[in-house]
Amino acid sequence: MNRIEIKKVLNILTYLIGFEMFIFSFKNISYPYFLISSFIFLISIYRDFIKYFRLNRVLLNIVAIIFIILIFLRVTLQDIITPALESLIVLLSIKFLEDKEKRDYLQIFLISILIFTGATIFSFEISFLVFFLIFILLINFSIIFLTYYSEDKNLKLKTNEVIKIVKKAILIPIIALPFSAILFFGLPRSPNPLFSFFGSTLTAKTGFSETVKLGTVSEIQEDDSVIFRVSTEKLNDSELYFRGITLNYYENNEWSYVRGFENTKNIEITGKLVEQTIYLEPYGGNYLFSLDKPIAIYSFLRYETEGLNFKTREIISNKVKYEAKSIISDVIYEKGIDKNFYTQLPKNLSNKFYELAKSFNGNEELEVIKNVQNYFLSGEFKYNLKNLPVSENPIEDFLFKTKEGNCEYFATSMALILRALQIPSRVVAGYKGGIYNEIGKYYIIKQSDAHLWVEAYIDNIGWIRLDPTPSSQRDFALLKSRKISKFRIFLDTINYYYNTFVINYDLEKQIALLNKIRDIRFDFKLKFNLITLFKNLNLFLIVASMLLVIFLLKGFKFERIQFEDKIIKLFYKKLKKLHIKKEKYEGLHEVMEKIKDERIKSKIKEFIINFEEYYYKDEKFDKLIYLKLKRLLNEI
C-alpha cells in the first residue's frame with residue numbers, strides 16, 4: 001500500500017486553512033491587498049507542490065515588515081480592524097513562501113486564528129458557522145499531524161492510517177461542541193446585543209439621508225437587498241407604511257428636513273397599537289424606521305427625536321436591533337403648526353404650474369386634496385424608474401411633458417400643488433410594503449420598497465397621509481423584485497433565527513432561558529410544533545447538547561468493552577467460582593495446568609483453544625463468536 005509523507009499531509013492541511021482564510025476575509029479587505037496576497041499564496045502553492053525553489057527568509061521578513069508599515073499608515077480611529085486584517089493576510093501569504101518547520105506551521109496556525117477572529121467581527125451571517133466548523137476541524141487535524149511530524153519528520157503513513165487518525169481526530173471537536181454550547185448559553189452576558197458593540201464598520205448600503213434629491217430614490221429602489229426585518233403580527237397591506245424621515249422644506253429640486261417645525265408635544269394619534277422588533281441592516285444613514293406612526297422606540301442606541309423622527313447620533317454602520325411602538329393611523333392630530341413654513345415653495349415654478357394648481361376645486365379643503373390625489377391616480381400618469389426627468393425644473397417636466405416618474409415625483413408634485421393652494425403639506429420618506437415570512441412571523445423589507453408619500457394638513461383634523469403614486473403600477477414595477485422563492489424565504493428564516501438567538505443573545509434572553517428551565521417542572525404540556533421549537537431554540541440546544549454528551553460517553557463505554565474483554569471477564573469469573581486462583585503473571589495455559597479435575601480441565605482447554613483461535617486472528621470478536629465461547633463456559 002502506498003505511503004504518504006507526513007510533511008505532505010501537513011502541507012495540504014495548512015494550505016486548506018490558508019485557503020479558507022482568504023475566502024472568509026476577502027469581503028472585508030481592500031482588493032489590492034487581497035490580490036497581492038492571493039498572488040503570493042498561489043506562488044507558494046507552486047513552490048511547495050509543483051517545483052521547489054528556495055527564497056531568502058530575511059528578505060521575506062523585510063518585505064512583510066514594509067507591507068505592514070504601509071498598511072498601518074492607513075489606520076484611523078474609525079476603522080482599526082480592516083488594516084489589521086489586511087496586514088495579517090499579507091503576513092500569512094508571505095509565511096507560506098518560507099520553508100516550513102514546526103515553528104513555522106505553528107505561526108501559520110496562530111496568524112489564521114487571528115484572521116478568523118478579526119473577520120468574525122464583520123460576519124453575522126449563518127455561513128459563519130460553516131466556516132467556523134471547517135476551521136476547527138482543519139486546525140484540529142493539523143495540530144495532530146504536526147505532533148507526528150515533530151516526532152519524526154520522515155514518517156510515512158499508509159492511507160488507511162491517515163484516515164484512521166482523521167476519524168479519531170473528529171471526535172475531539174465533536175465532544176467539545178456540546179460543552180461550548182453550554183458555555184455559550186451559560187456564561188454571563190452583556191445587556192447589549194453583541195453585534196452593536198464593535199466600532200468597526202460593515203459595508204453600508206445606499207440609503208436615506210436628511211435630503212432627498214429628485215431622481216435619487218430610484219437608485220435605492222433598484223437595490224434588491226434587505227434593509228430591515230420587522231418581527232410583528234401580520235397586517236393589512238394598506239397599513240404597511242414604515243416611516244423614516246419627515247421632509248418639510250423644498251428648494252433646488254431637493255427635499256430636506258428643517259428642525260424646529262415638528263411639534264413634539266401637541267401631537268395626538270389614535271388607532272391600533274402595534275409593537276415591533278426591528279433588525280436594521282447597516283445603510284449609511286442614521287434614521288430608525290418603524291411602522292407609521294411611531295410613538296416610541298426602545299434601544300440602547302443613542303438617539304434623538306423630534307416629532308415622529310427618530311435619529312441616532314452615529315451613522316448606522318452595524319446591524320442594530322430596537323423595539324418600537326406604533327399606532328396604525330392615517331391621521332396625526334396636531335395644533336398650532338406654522339402654516340407659512342409648510343406652504344413654502346421654490347421660486348422657479350412657472351405660471352403654468354400655478355394655473356394647474358388653481359384648476360383643483362372643491363367645497364372644502366379635504367375635497368380639494370382628494371381631487372389633487374385623484375388627478376395623479378386617474379391613469380394619465382405612469383410609474384417608471386427609468387429615464388426620470390432631471391432637468392432644471394424636473395417637476396414641471398414630469399407634470400407637463402413626460403408624465404412618468406417614480407414615487408418622489410408623484411409625492412413632490414402633489415405636495416407642491418397643495419402648497420400653491422395654501423394647504424400645508426410635507427413628504428415622508430420611508431418604505432412601503434414588505435414580504436411576510438409566515439414561518440418566522442416577520443416582514444422582510446427590501447431597499448426596492450423605498451417610498452415617499454405626502455401628508456397634508458387640515459385644521460381640526462391634522463396631518464392626513466396621502467399616497468398619489470399609482471399602487472397598481474408601482475406594485476407591477478416591483479413585482480419582479482418582490483418575487484422571492486420559498487428556498488430564499490427558508491434561508492432568510494434560518495439567518496433570521498441565527499441573528500436573533502445566537503448573534504443577538506444577550507442578558508435578557510439569558511434570563512428568559514433560565515426562567516423557562518425553572519418553569520419546566522411546572523409545565524409539562526410543551527407544544528412541540530415547529531414554531532414552538534424555534535421559540536425554544538435555546539432550550540432545545542442545551543438539551544440536545546446534554547443528550548449528545550451522554551450519547552458520546554456511552555459510545556466510548558461500549559467501544560471500550562469489546563466482546564473479547566467481556567468473554568475473558570466471564571472466564572475469570574468462572575475460575576473464581578471454581579476456586580481457581582489466577583496470578584497476574586500466569587497465562588491461560590498455566591492456569592489450566594493447575595486444575596486437577598480432568599473433566600473441568602478438558603472443558604477449559606476447549607474454551608482456551610477456541611478463544612485463542614479467534615483472538616490471534618487479529619480480528620474483532622463479533623456477537624456469534626462471543627455467544628459460542630459463552631456457551632463453552634457454561635458447559636464447564
Got a donor-acceptor contact below 3.5 angstrom from the [X] side chain to the [Y] backbone?
X    : Y    : result
N374 : L377 : no
T412 : Y409 : no
K293 : S329 : yes
S326 : I328 : no
N252 : E254 : no
Y431 : S290 : no
T211 : W255 : no
Q276 : L291 : yes

If you measure only the distance, is there a donor-acceptor pair under 3.5 Å linking the side chains of [X] and [Y]?
X    : Y    : value
T246 : N309 : yes
W453 : T469 : no
N406 : E408 : yes

Who passes salt bridge (Lys or Arg N to Asp or Glu O under 4.0 Å) against [X], sequence neighbours left out?
X    : result
E86  : R74
K339 : D459
E364 : none

[X] side, atom [atom1]; [Y] side, atom [atom2] - distance, nearest 0.5 Å:
X    : Y    : atom1 : atom2 : result
I327 : I295 : CD1   : CD1   : 4.0 Å
I245 : Y257 : CD1   : OH    : 10.5 Å
Q447 : S225 : CD    : OG    : 5.0 Å
L418 : Y457 : CG    : OH    : 15.0 Å
I332 : L308 : CD1   : CG    : 4.5 Å
N286 : I316 : CG    : CD1   : 6.5 Å

Mind checking whether F228 and Y442 have ring centres under 6.0 Å apart?
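Ring-ring flag for F228/Y442: false, centres at least 6.0 Å apart.
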Quick one: are the ring centres of Y443 and Y436 less than 6.0 Å apart?
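When the ring centroids of Y443 and Y436 are compared, they turn out to be within the sub-6.0 Å range.
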For the student: nearest non-hydrogen atoms of I423 and A456, plus distance:
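Residues I423 and A456, closest heavy atoms: CG2-CB, 4.5 Å.
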Shortest non-hydrogen contact from R465 toward S238
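Shortest heavy-atom separation between R465 and S238 comes out as NH2-O, 4.0 Å.
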So does [X] pair up with [Y], basic N to acidic O under 4.0 Å?
X    : Y    : answer
R243 : E455 : yes
E239 : K272 : yes
E268 : K335 : no

Might you work through the side-chain contact (heavy atoms from CB on, under 4.5 Å) test for Y333 and W463, ending with a clear yes or no?
CA-CA 6 Å; Y333 179 73; W463 293 101; over 6 Å; no
Under 6.0 Å from the NZ atom of K370, do we count more than 12 heavy atoms belonging to anything else shown?
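No, NZ of K370 has 12 or fewer neighbouring heavy atoms, counting only those of other groups under 6.0 Å.
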Return the orientation label for the [X] and [Y] ring planes: parallel under 30°, perpendicular over 60°, tilted otherwise.
X    : Y    : answer
Y342 : F261 : perpendicular
F116 : F132 : tilted
Y375 : F381 : perpendicular

Could you check V427, L214, L345 and say which one makes a side chain to side chain contact (heavy atoms under 4.5 Å, CB included) with Y250?
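Of the listed options, the one satisfying the test is L214.
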Tell me, with the steps shown, if F242 and F289 meet ring-ring contact (aromatic ring centres under 6.0 Å, His included).
CA-CA 6 Å; F242 295 92; F289 303 94; 8.8 Å; no
Would K311 and E306 count as a salt bridge (Lys or Arg N to Asp or Glu O under 4.0 Å) here? Give the steps.
CA-CA 9 Å; K311 176 185 175 186; E306 186 179 28; over 6 Å; no
Which of these passes ring pair (Phe, Tyr, Trp, His ring centres under 6.0 Å) with F398: F353, Y383, F410?
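It is F410, the one option of F353, Y383, F410 that forms the ring pair (Phe, Tyr, Trp, His ring centres under 6.0 Å) with F398.
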Worked verdict on K441 versus E233 for salt bridge (Lys or Arg N to Asp or Glu O under 4.0 Å):
CA-CA 7 Å; K441 306 296 180 192; E233 61 188 271; over 6 Å; no
Identify which one of D237, D449, D292, D467 satisfies the salt bridge (charged side-chain N to carboxylate O under 4.0 Å, His left out) criterion when paired with K432.
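Of the listed options, the one satisfying the test is D467.
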Go through it in stages, so that I can follow the logic: the residues are R419 and Q344, the test is side-chain contact (heavy atoms from CB on, under 4.5 Å), and I'd like the CA-CA distance, side-chain angles, deciding distance and then a yes or no.
CA-CA 7 Å; R419 288 189 174 197; Q344 166 268 339; 2.9 Å; yes
